[in-house]
Amino acid sequence: MPRITAAVIGLLLASQPPELTFEDVQKKLNISKAAVSSAMRYLEALDVVTYKTPIGSRKRLIRLEPLKLANYIKRRMVFFGRLTYSLQMIAQDQSEDTYKQEIARLANLCQKLDTAVREIISEWEEEQV
């Protein structure tokens with residue numbers, strides 16, 4: 001995920017109320033309009049933001065949808081699981097013991113991260129009900 005997009009997500013998660021205008025994002029992150037536009041297009045493509053326009057205003061409020069963001073993360077973790085599996089297969093095929101051990105340790109780390117993230121998301125989702 002692009003750095004500025006991640007910063008926008010962090011800003012939206014931390015803001016009270018959890019809605020900001022385009023201009024608020026630009027000012028608080030001290031970034032250009034083009035950077036905000038790019039980040040918003042990215043978030044729209046992920047379907048993790050919604051917009052609303054208050055009655056009598058021309059400015060749209062941006063709102064992050066945490067459940068949709070959690071679903072996006074879960075979808076991305078599928079690829080992380082595949083990476084873990086690939087690293088395990090590569091480690092098995094290595095003939096050099098040192099390199100084999102390094103790859104196996106990396107695969108183990110990936111597997112632990114995958115398990116931890118899945119558990120954290122599951123707990124968070126249960127709290128949302």
Side-chain angles (χ1 to χ4, degrees):
M1 177 173 293
R3 180 181 56 84
I4 290 178
T5 303
V8 170
I9 288 172
L11 179 63
L12 290 168
L13 285 171
S15 68
Q16 287 299 327
E19 302 168 330
L20 295 172
T21 65
F22 187 94
E23 292 79 21
D24 291 335
V25 172
Q26 181 187 2
K27 288 178 185 174
K28 291 181 184 221
L29 293 178
N30 195 27
I31 57 177
S32 69
K33 288 181 181 181
V36 176
S37 291
S38 293
M40 296 316 302
R41 280 193 302 276
Y42 191 94
L43 294 173
E44 288 168 6
L46 298 180
D47 192 34
V48 298
V49 291
T50 57
Y51 299 96
K52 78 174 187 179
T53 305
I55 296 172
S57 175
R58 292 179 44 178
K59 295 186 178 189
R60 290 191 311 169
L61 294 173
I62 305 161
R63 181 180 187 93
L64 185 70
E65 298 293 334
L67 288 173
K68 289 182 178 183
L69 182 59
N71 285 331
Y72 164 75
I73 294 169
K74 283 179 11 183
R75 288 191 311 269
R76 296 301 297 178
M77 292 310 294
V78 169
F79 297 107
F80 206 76
R82 290 180 185 160
L83 172 62
T84 301
Y85 177 78
S86 295
L87 288 170
Q88 290 168 338
M89 295 298 103
I90 291 168
Q92 287 178 3
D93 291 343
Q94 288 300 314
S95 57
E96 183 185 329
D97 283 340
T98 304
Y99 193 56
K100 183 176 193 167
Q101 289 173 357
E102 288 177 14
I103 295 172
R105 282 195 301 269
L106 181 59
N108 188 40
L109 171 65
C110 289
Q111 186 173 18
K112 287 179 180 180
L113 287 170
D114 184 47
T115 301
V117 170
R118 288 178 189 280
E119 287 175 9
I120 291 166
I121 290 174
S122 291
E123 287 175 17
W124 181 82
E125 286 176 329
E126 289 172 10
E127 293 171 0
Q128 300 307 306
V129 176

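- Considering every non-hydrogen atom in both Ala104 and Ala91, the closest pair reads N-CB, 3.8 Å.
- Tracing side-chain contacts under 4.5 Å through hydrophobic residues (I, L, V, M, F, W, Y), one reaches Leu83 starting from Leu109; they form part of the same cluster.
- Residue Tyr99 places its OH atom among 12 or fewer non-hydrogen atoms of other residues, nucleotides or ligands, all under 6.0 Å distant.
- By the 4.5 Å heavy-atom criterion applied to side chains, Met1 and Tyr72 are counted as neighbours.
- Note that NZ of Lys27 is 12.0 Å distant from CZ of Phe22, once rounded to the nearest 0.5 Å.
- Taking both residues in full, the closest heavy atoms of Ala35 and Ile4 are given as CB-CD1, 3.9 Å, listed atom of the first, atom of the second, then distance.
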Would you please test Arg118 and Glu123 for salt bridge (Lys or Arg N to Asp or Glu O under 4.0 Å) and show each step?
CA-CA 9 Å; Arg118 288 178 189 280; Glu123 287 175 17; over 6 Å; no
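- Among Leu12, Leu13, Leu11, the single residue meeting the side-chain contact (heavy atoms from CB on, under 4.5 Å) criterion with Ile9 is Leu13.
- Contact annotation: the side chain of Thr5 approaches that of Leu43 to within less than 4.5 Å [non-hydrogen atoms, C-beta and beyond].
- A donor-acceptor pair shorter than 3.5 Å can be found between the side chains of Tyr51 and Glu44.
- Rounded to the nearest 0.5 angstrom, Gln88 CD and Ile90 CD1 are separated by 10.5 Å.
- Distance check, rounded to the nearest 0.5 Å: CG of Leu46 to CG of Asn71 gives 12.0 Å.
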Under 3.5 Å donor-acceptor pairs involving side-chain atoms of residues 53-69, not counting sequence neighbours:
from, atom 1, to, atom 2, distance (Å)
Ser57, OG, Lys59, N, 3.1
Arg63, NH1, Glu19, OE2, 3.3
Glu65, OE2, Thr50, OG1, 2.9

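- Met89 and Ile103 fall into different hydrophobic clusters, where Ile, Leu, Val, Met, Phe, Trp and Tyr side chains are chained together by heavy-atom contacts under 4.5 Å.
- At least one donor-acceptor pair closer than 3.5 Å links the side chain of Asp24 to the backbone N or O of Thr21.
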Please determine whether side chain to side chain contact (heavy atoms under 4.5 Å, CB included) holds for the pair Val8 and Val36, giving the CA-CA distance in whole Å, both sets of side-chain angles, and the decisive distance to 0.1 Å.
CA-CA 8 Å; Val8 170; Val36 176; 5.8 Å; no
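- At distances below 3.5 Å, at least one donor-acceptor pair connects side-chain atoms of Ser37 with backbone N or O atoms of Lys33.
- In this structure, Leu87 and Cys110 have side chains that are in contact, with non-hydrogen atoms separated by less than 4.5 Å.
- Proximity of Lys74 to Glu125: side-chain heavy atoms (C-beta onward) are separated by under 4.5 Å at one or more points.
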